[in-house]
J.: 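Handing you a structure now.
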Amino acid sequence: MLDIKFIRENVELIKKAAVDKHIACDLDRLIEVDKNRRQLQQQLDALRTQVKEDGQRVGLLRNPKSTAYKAEIEQGNSEADIRAEAERLQAGLSELKPKMKALEEAEGPTLNEFEQLMLTIPQPPALDVPVGKDETENVELRKVGEPRRFDFEPKDHVTLGAELGIIDIERGVKLAGTRNYILKGDATLLQQAVLRFAQDLMVQRGFVPMTVPVLVKEEVMYGTGYFPSGRDQAYLCERDTLSLVGTAEVPLTAYHTDEILAEADLPIKLCATSTCFRREAGAAGRDTYGLYRIHVFDKVEQVIVCGNGEEESLKFHHEILQNAEDVMQALGLPYRVVNVCTGDLGMGQVQKFDIETWMPSRDGYGETHSASRFHEFQARRLKLRYRDGARKVRFCHTLNNTVIASPRVLIPLMEHYQHEDGSITIPEALRTYMGGRERIERV
RNA sequence: GGAGGAGUGGCCGAGCGGCUGAAGGCGACGGUCUUGAAAACCGUUAGGCGCGAAAGCGUCUCGGGGGUUCGAAUCCCUCCUCCUCCGCCA
């Protein structure tokens with residue numbers, strides 16, 4: 001959410017942002033509703049002032065001990081006069097009631113529409129975000145590591161997993177439908193190793209590990225910007241008006257909702273390992289093969305809540321990106337970093353850097369991480385604030401990035417480290433989490 | 001799930017129809033004092049929205065929503081949360 005004052009003064013900028021981001025919003029209507037809203041408030045405020053002042057005077061005139069009453073007596077007014085004055089004021093106020101009621105009834109829907117519209121206004125992207133229609137126009141920033149050249153015909157992760165007896169997609173689908181899977185034996189251990197390794201690295205870097213709810217209230221989904229527009233991507237437990245989160249970013253970012261933090265508390269660095277649930281609505285037919293695009297997965301996520309400043313935000317954006325790159329480097333996987341273009345940005349994101357990891361079976365890079373910064377966008381929705389040095393209340397900035405998501409990362413991991421016989425080398429960084437073993441082999 | 005009790009400012013706690021956005025205390029911040037610190041004393045210390053260049057002014061908010069009333073933190077309805085006891089249970 002943006003500041004309505006900012007919106008009023010930057011209508012054209014935001015219209016352009018909406019076009020570039022492919023987000024539908026009715027800015028003209030918002031401006032109009034905002035105008036109505038302020039007008040109604042001014043009228044109501046004036047009436048309320050009168051009701052308050054006169055109403056209070058009625059009370060005073062009815063109380064012989066009040067100074068106002070005594071003043072009336074001193075001015076030579078009789079008790080009857082004073083009583084009459086009170087009656088007169090009260091009658092006048094009674095007449096005001098229908099007028100106020102009418103205004104209040106107009107204000108309700110206006111406020112409601114105002115809030116709905118405000119939720120649809122996108123955050124303008126940073127200046128160095130490339131304008132583009134979709135992910136094909138993301139701009140590569142750098143490549144790290146070389147895709148491995150095989151001297152044999154490499155297998156894909158599905159084949160490797162099936163032959164090793166550690167990935168069972170068929171039965172996953174049997175139990176839960178398309179885009180489901182079952183990890184078994186060493187794949188389960190490998191996934192847990194990867195998650196634990198990633199979490200340990202984050203803890204080492206000062207992030208507080210958390211266990212968070214994955215089934216959250218709607219307001220949390222709205223607050224982080226996933227609702228209303230992404231509602232069809234979430235699994236809803238409608239009976240309980242709760243939603244399954246698609247990422248731990250949601251509960252982590254919302255952790256300090258409706259609080260005013262001390263500046264000394266910032267930056268707040270949190271991470272959580274959680275299961276993530278995604279409907280993948282609208283992705284029918286896309287990435288249907290293997291473990292790439294699935295409904296349920298586990299992820300370690302990192303979130304930073306920092307002070308309100310462009311520079312600070314940028315600094316932390318690079319920090320969370322670096323954290324993820326360090327994980328990939330420790331795993332020895334080749335990847336590249338892309339500057340995500342406007343058409344592929346979410347509505348709250350100022351800028352997003354994706355890490356795409358080399359996946360031999362795709363003969364290309366596939367997204368494994370997504371590092372975003374939001375400025376105040378989420379903080380405003382969540383009422384996530386702090387008091388600065390001048391004791392002024394300001395909105396925080398928020399950022400987040402994947403640390404590692406599995407099983408997607410098992411794709412490059414298994415494929416990159418495979419041997420001709422179908423066994424897989426366990427990268428060194430993970431061995432302590434795999435009982436010191438060096439290889440996954442068929443048992 | 002059943003039966004009771006309670007929700008007031010950063011915290012504790014008064015108020016139970018009218019000059020109460022809210023006494024008092026604690027904490028925090030600023031100042032006086034002090035060689036420094038403590039103590040003592042003085043002062044400041046809610047957020048949202050609107051108007052305004054600003055100072056400031058207005059309004060809303062005492063768990064949320066609705067109602068009664070000229071007037072509600074105070075009365076009524078409803079929902080939520082927390083605590084205690086009982087039941088069930090990983």
Side-chain angles (χ1 to χ4, degrees), chain A residues 1-9 30-74 82-119 211 213-220 222-223 239-242 254 256-266 275 308 376 379-396:
Chain A
M1 188 144 59
L2 304 178
D3 184 353
I4 183 62
K5 288 178 198 132
F6 176 83
I7 295 174
R8 286 202 287 261
E9 286 159 17
L30 174 65
I31 297 296
E32 191 185 328
V33 171
D34 173 48
K35 204 171 142 197
N36 292 341
R37 159 191 156 255
R38 287 186 289 157
Q39 225 166 49
L40 282 168
Q41 181 174 343
Q42 281 167 44
Q43 292 168 0
L44 268 168
D45 279 1
L47 283 176
R48 283 178 178 141
T49 307
Q50 194 185 343
V51 168
K52 211 171 175 177
E53 285 175 355
D54 289 1
Q56 200 164 69
R57 187 153 173 83
V58 170
L60 295 176
L61 292 179
R62 294 243 164 92
N63 180 1
K65 281 184 233 157
S66 75
T67 51
Y69 188 95
K70 287 173 185 160
E72 290 289 315
I73 293 290
E74 260 167 50
I82 298 172
R83 208 175 306 126
E85 170 70 359
E87 293 294 328
R88 196 187 59 78
L89 282 172
Q90 186 171 328
L93 289 172
S94 294
E95 277 170 38
L96 241 44
K97 286 189 94 175
K99 205 169 155 188
M100 269 188 59
K101 187 126 190 158
L103 283 172
E104 275 166 358
E105 271 163 15
E107 195 191 33
T110 304
L111 240 41
N112 203 25
E113 187 180 0
F114 176 74
E115 276 153 23
Q116 295 307 312
L117 287 166
M118 284 293 280
L119 291 174
T211 301
V214 292
L215 196 51
V216 301
K217 294 183 184 176
E218 297 236 323
E219 60 202 74
V220 174
Y222 278 100
R239 185 166 67 169
D240 302 295
T241 60
L242 295 170
H256 287 293
T257 288
D258 213 13
E259 292 182 31
I260 299 176
L261 302 162
E263 192 169 33
D265 296 335
L266 303 178
T275 303
N308 189 304
E376 308 176 347
R380 273 187 181 275
R381 290 178 172 228
L382 292 165
K383 298 184 185 69
L384 175 46
R385 297 157 296 173
Y386 71 102
R387 217 177 288 278
D388 72 7
R391 314 199 100 235
K392 189 176 178 303
V393 174
R394 314 189 67 186
F395 286 102
C396 301

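So you know, we letter chains A, B, ... as the sequences are listed, proteins then strands, and number each from 1.
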J.: Taking only N and O in the side chain of R387(A), is any of them less than 4.0 Å away from OP1 or OP2 of G47(B)?
T.: yes
J.: May I ask you to decide whether R37(A) forms a salt bridge with E115(A), counting only side-chain N to carboxylate O separations under 4.0 Å?
T.: no
J.: Roughly how far apart, to the nearest Å, are C85(B) and G17(B) at atom C1'?
T.: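 Approximately 36 Å lies between the C1' atom of C85(B) and that of G17(B).
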J.: With rounding to whole Å, what would you report as the distance between A28(B) and C77(B) at their C1' atoms?
T.: 41 Å
J.: Report yes if at least one side-chain N or O of R38(A) is closer than 4.0 Å to OP1 or OP2 of C51(B); otherwise report no.
T.: yes
J.: Heavy atoms under 4.0 Å, any strand shown: does K383(A) hit a base, just sugar-phosphate, or nothing?
T.: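 No contact.
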J.: Just checking R37(A): base, sugar-phosphate only, or nothing, at a heavy-atom cut-off of under 4.0 Å?
T.: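 Sugar-phosphate, no base atom in range.
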J.: Of the listed nucleotides (G47(B), C29(B), C19(B)), which one gets closest to any side-chain atom of L60(A)?
T.: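 Among the listed nucleotides, the one closest to the side chain of L60(A) is C19(B).
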J.: Could you work out the separation of U45(B) and G9(B) based on their C1' atoms and round it to a whole Å?
T.: 10 Å
J.: In whole Å, measure the gap between the P atoms of U8(B) and G13(B) for me.
T.: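 Between the two P atoms, the distance is 9 Å.
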J.: In Watson-Crick or G-U wobble terms, both distances under 3.5 Å, what is the partner of U59(B)?
T.: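 Check on U59(B): paired to G48(B), both distances under 3.5 Å.
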J.: OP1, OP2 of G58(B) versus side-chain N and O of T49(A): anything below 4.0 Å?
T.: no
J.: What does Q41(A) touch in the nucleic acid at a heavy-atom separation under 4.0 angstrom: a base, only the sugar-phosphate, or nothing?
T.: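 It contacts base atoms.
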J.: For K52(A) and G58(B), is the shortest distance between a side-chain N/O and OP1 or OP2 below 4.0 Å?
T.: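 No, because none of the side-chain N or O atoms of K52(A) sits under 4.0 Å from OP1 or OP2 of G58(B).
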J.: For a quick check of understanding: with a heavy-atom distance under 4.0 Å over all strands, which category does I260(A) fall into, base, sugar-phosphate or nothing?
T.: sugar-phosphate
J.: Does the structure show a Watson-Crick or G-U wobble partner for G4(B), both distances under 3.5 Å? Name it, or say none.
T.: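 Its partner is C83(B) (Watson-Crick or G-U wobble, both distances under 3.5 Å).
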